[in-house]
Amino acid sequence: MRTNYCGLIDTQYLNQTVTLFGWVHRRRDHGGVIFIDMRDREGLVQIVCDPDNSVTFQSAEKIRNEFVLKVIGIVRHRPEGTVNSILISGEIEVLAQSIEILNASLTPPFMMDDENLSETVRLEHRYLDLRRSQMQKNLWLRYKVTMAVRMFLDQHGFIDIETPMLTKSTPEGARDYLVPSRINAGYFFALPQSPQLFKQLLMVSGFDRYYQITKCFRDEDLRADRQPEFTQIDIETSFLTESEIMTLMEEMICNLFSCVMQINLRPPFPRLTFSEVMSKYGSDKPDLRIPLVLTELTDVMKEVEFKVFCEAAQKLGGRVAALCVPQGSELSRKEIDDYTSFVGIYGAKGLAYIKVNALEKGLEGLQSPILKFLPEAVVQIILERTCAKDGDLIFFGAGKAKIVNEALGALRAKVGQDRSLSEPGWKPLWVIDFPMFERIEEENRWQALHHPFTSPADGHENLLETDPGKALSKAFDMVLNGSEIGGGSVRIHHQEIQLKVFHALNISVNEAQEKFGFLLEALQYGAPPHGGIAFGLDRVVAMMTGAESIRDVIAFPKTQRAQCLLTQAPSIVDEKQLRELHIQLK
């Protein structure tokens with residue numbers, strides 16, 4: 001039926017008869033001649049309806065936006081002065097010989113080229129929103145990303161294996177989505193938070209190199225970059241070290257950006273330890289495009305009069321750090337107050353500062369309410385360590401290290417954006433040597449920083465029992481422009497080590513057997529050394545397209561309240577269905 005896509009017709013088709021299908025993007029009546037911009041997935045073409053063809057012209061008079069048409073016509077040059085160089089079809093137009101209205105349309109709730117749409121309206125009419133040029137481009141790019149990944153992994157010996165969607169509820173971090181079993185009354189499946197355990201079992205099974213582009217489900221509070229269901233590029237391999245896995249994966253990401261974006265990322269990516277990035281950037285996913293770094297000052301603040309600094313420096317787990325902002329002394333009092341409110345979101349109780357007006361004047365060349373509490377020798381150390389120059393401003397954070405890191409890390413990113421300090425381009429890195437555990441103080445327990453199947457670093461196995469807080473792991477994250485796009489690790493392949501990790505996490509032997517008995521048993525049957533990684537497909541595509549939210553790169557996403565405005569899911573189900581599932585609502 002169709003001979004061409006609308007958006008792909010150019011001068012090579014001059015004088016040819018074409019058959020086109022598409023939607024009316026815009027209709028224009030120019031005093032006797034009607035022009036129709038017709039759209040399909042490849043773009044626009046201009047249709048000309050001449051009154052000399054009365055049948056075609058009468059059809060054109062009835063046409064409105066978003067009508068679906070079949071058009072047969074002859075390709076010809078556009079008149080001089082009307083060429084549109086932006087479009088592939090911009091040099092030609094199609095003189096309509098016949099027009100068939102395949103389906104009419106109600107007046108749409110928005111124009112397809114409107115750039116200031118309410119997201120609520122877009123999600124309520126997602127099938128129309130997806131007709132818009134930007135959304136079509138986003139989903140095309142998503143397709144190209146998945147194809148490039150599949151081709152790379154196929155060329156490197158990986159095979160695509162599906163894992164179950166209905167599985168067992170296991171404590172892996174987030175809250176599970178539960179599915180009641182009709183046949184087994186009182187029992188529940190869980191939707192997988194990831195295929196983690198199954199891909200490890202595939203390594204035990206000898207498949208060696210596995211991948212899957214798969215849905216994962218987590219019932220957690222949502223943000224712009226979170227969805228209750230999201231897509232992972234899930235990868236696992238046997239007999240490779242953590243360094244070898246990272247090298248292979250950065251080759252994949254370089255290939256991906258080259259194929260899809262024509263951007264050359266340069267391997268090897270920097271590899272920074274968790275300790276380094278927290279010290280320098282206050283974040284385990286630093287944006288290296290921003291040249292600002294944190295300066296450690298805890299050691300010089302232990303005896304100063306300024307109580308906020310002194311107490312933080314003397315307290316176990318406390319930190320005092322500084323962030324030097326180039327030419328930041330021009331910031332107004334209101335701007336500084338706004339930044340103070342901003343760090344308050346992260347638990348910081350204030351934001352001390354020093355303005356460096358003129359270094360050659362010593363203390364007189366500095367401006368700050370805290371100077372009277374700091375010895376001149378300490379001030380000199382601050383200036384030397386921060387490499388402050390005339391016109392700079394130094395912000396300070398003091399308190400628990402976790403709060404200081406989160407507050408100054410977020411401030412670093414915000415100041416970098418606000419003051420246009422961010423460099424253009426893409427800055428990937430690996431973060432390595434993560435701690436095995438993080439402390440949940442209010443619950444007096446340890447929690448796995450990545451997941452409980454991550455292998456401890458060589459020589460740290462005994463720390464699992466004696467000092468879990470000092471144990472490092474063989475985990476690694478790939479970070480790009482301030483976002484974690486992939487996280488992986490070498491896994492535990494010895495049962496005794498896995499049991500030690502469970503013990504450190506306060507998971508009893510009985511609970512471990514109940515929750516993970518199938519894994520513990522499998523580890524006794526010649527489990528190979530193995531490891532892997534999972535990339536967030538939605539996040540990678542959102543970054544490539546420049547989308548503000550991953551909802552813009554998912555065909556049918558949920559809102560931040562985990563609702564689908566198009567289908568009105570989740571919804572109430574009838575009593576009969578609940579009785580079949582042995583469920584009674586209270």
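Along the sequence shown, residues are numbered consecutively beginning with 1.
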Are any side-chain N or O atoms of [X] and backbone N or O atoms of [Y], one a donor and one an acceptor, separated by less than 3.5 Å?
{"X": "Arg289", "Y": "Gly482", "value": "no"}
{"X": "Arg209", "Y": "His156", "value": "yes"}
{"X": "Glu305", "Y": "Cys310", "value": "no"}
{"X": "Ser258", "Y": "Cys254", "value": "no"}
{"X": "Gln314", "Y": "Lys302", "value": "yes"}
{"X": "Arg419", "Y": "Gln327", "value": "yes"}
{"X": "Thr273", "Y": "Ile432", "value": "no"}
{"X": "Thr386", "Y": "Ile382", "value": "yes"}
{"X": "His451", "Y": "Phe453", "value": "yes"}
{"X": "Arg271", "Y": "Trp430", "value": "no"}

I'd like to check [X] versus [Y] (side-chain heavy atoms, cut-off strictly below 4.5 Å). Are they in contact?
{"X": "Gln367", "Y": "Ser329", "value": "no"}
{"X": "Gln513", "Y": "Leu520", "value": "yes"}
{"X": "Ile336", "Y": "Leu393", "value": "yes"}
{"X": "Arg539", "Y": "Glu484", "value": "yes"}
{"X": "Glu496", "Y": "Glu461", "value": "no"}
{"X": "Leu197", "Y": "Phe518", "value": "yes"}
{"X": "Leu331", "Y": "Tyr339", "value": "yes"}
{"X": "Tyr353", "Y": "Pro369", "value": "yes"}

Would you say [atom1] of [X] has more than 12 non-hydrogen atoms from neighbouring residues, nucleotides or ligands within 6.0 angstrom?
{"X": "Lys470", "atom1": "NZ", "answer": "no"}
{"X": "His460", "atom1": "NE2", "answer": "yes"}
{"X": "Lys427", "atom1": "NZ", "answer": "yes"}
{"X": "Glu364", "atom1": "CD", "answer": "no"}
{"X": "Asp390", "atom1": "CG", "answer": "yes"}
{"X": "Glu376", "atom1": "CD", "answer": "no"}

What's the shortest heavy-atom distance between [X] and [Y], and which atoms?
{"X": "Ile554", "Y": "Gln227", "answer": "CD1-CG, 3.8 Å"}
{"X": "Leu505", "Y": "Ala448", "answer": "CD2-N, 3.4 Å"}
{"X": "Leu464", "Y": "Pro456", "answer": "CD1-CG, 4.1 Å"}
{"X": "Ile394", "Y": "Ala322", "answer": "CG2-CB, 3.7 Å"}
{"X": "Ala190", "Y": "Leu178", "answer": "CB-CD2, 4.1 Å"}
{"X": "Ala475", "Y": "Phe434", "answer": "O-CD1, 3.7 Å"}

Fill in: Candidate pair Arg319 and Leu294, rule side-chain contact (heavy atoms from CB on, under 4.5 Å), full reasoning
CA-CA 11 Å; Arg319 186 182 188 193; Leu294 308 187; 4.0 Å; yes

Value rounded to 0.5 Å, distance of [atom1] in [X] from [atom2] in [Y]:
{"X": "Leu297", "Y": "Asp299", "atom1": "CG", "atom2": "CG", "value": "7.5 Å"}
{"X": "Thr454", "Y": "Lys474", "atom1": "OG1", "atom2": "NZ", "value": "11.5 Å"}
{"X": "Arg218", "Y": "Leu191", "atom1": "CZ", "atom2": "CG", "value": "12.5 Å"}
{"X": "Tyr210", "Y": "Phe198", "atom1": "OH", "atom2": "CZ", "value": "10.5 Å"}
{"X": "Arg175", "Y": "Ser169", "atom1": "CZ", "atom2": "OG", "value": "11.5 Å"}
{"X": "Ile485", "Y": "Leu480", "atom1": "CD1", "atom2": "CG", "value": "5.0 Å"}

Assess whether a salt bridge exists between [X] and [Y], defined as any Lys/Arg side-chain N lying under 4.0 Å from an Asp/Glu carboxylate O.
{"X": "Arg142", "Y": "Asp538", "answer": "yes"}
{"X": "Lys402", "Y": "Glu406", "answer": "yes"}
{"X": "Glu296", "Y": "Arg385", "answer": "no"}
{"X": "Asp287", "Y": "Arg412", "answer": "no"}

Fill in: Trace of the side-chain contact (heavy atoms from CB on, under 4.5 Å) decision for Asn264 with Phe257
CA-CA 7 Å; Asn264 293 320; Phe257 270 76; over 6 Å; no

Worksheet item: What's the verdict on side-chain contact (heavy atoms from CB on, under 4.5 Å) for Asp418 and Glu335, showing C-alpha distance, side-chain angles and the deciding distance?
Response: CA-CA 11 Å; Asp418 291 350; Glu335 288 174 310; over 6 Å; no

So, [X] and [Y]: side-chain donor and acceptor under 3.5 Å apart, yes or no?
{"X": "Asn138", "Y": "Gln134", "value": "yes"}
{"X": "Gln200", "Y": "Gln196", "value": "yes"}
{"X": "Gln212", "Y": "Thr163", "value": "yes"}

Fill in: side-chain hydrogen bond (donor to acceptor under 3.5 Å, both in side chains) partners of Lys355, counting only residues at least two apart
none

Worksheet, complete the sentence: Contacts of Asp433 meeting side-chain hydrogen bond (donor to acceptor under 3.5 Å, both in side chains) (sequence neighbours excluded), chain-then-number -> none

Worksheet item: With Met301, which of Val308, Ile381, Val320 fulfils side-chain contact (heavy atoms from CB on, under 4.5 Å)?
Response: Val320

Worksheet item: Would you call the rings of Phe373 and Phe306 parallel, tilted or perpendicular, where under 30° means parallel and over 60° means perpendicular?
Response: parallel

Worksheet item: Parallel under 30°, tilted from 30 to 60°, perpendicular over 60°: which one fits the rings of Phe502 and Phe516?
Response: parallel

Discussion item. Please list all pairs meeting salt bridge (Lys or Arg N to Asp or Glu O under 4.0 Å) that have one or both residues in residues 227-245, counting only residues at least two apart or in different chains.
Written reply: Lys199-Asp234, Lys199-Glu236, Glu229-Lys558, Glu236-Arg491

Worksheet item: Does the side-chain contact (heavy atoms from CB on, under 4.5 Å) test come out yes or no for Asp284 and Met278, once each step is laid out?
Response: CA-CA 6 Å; Asp284 61 359; Met278 296 307 292; 4.1 Å; yes

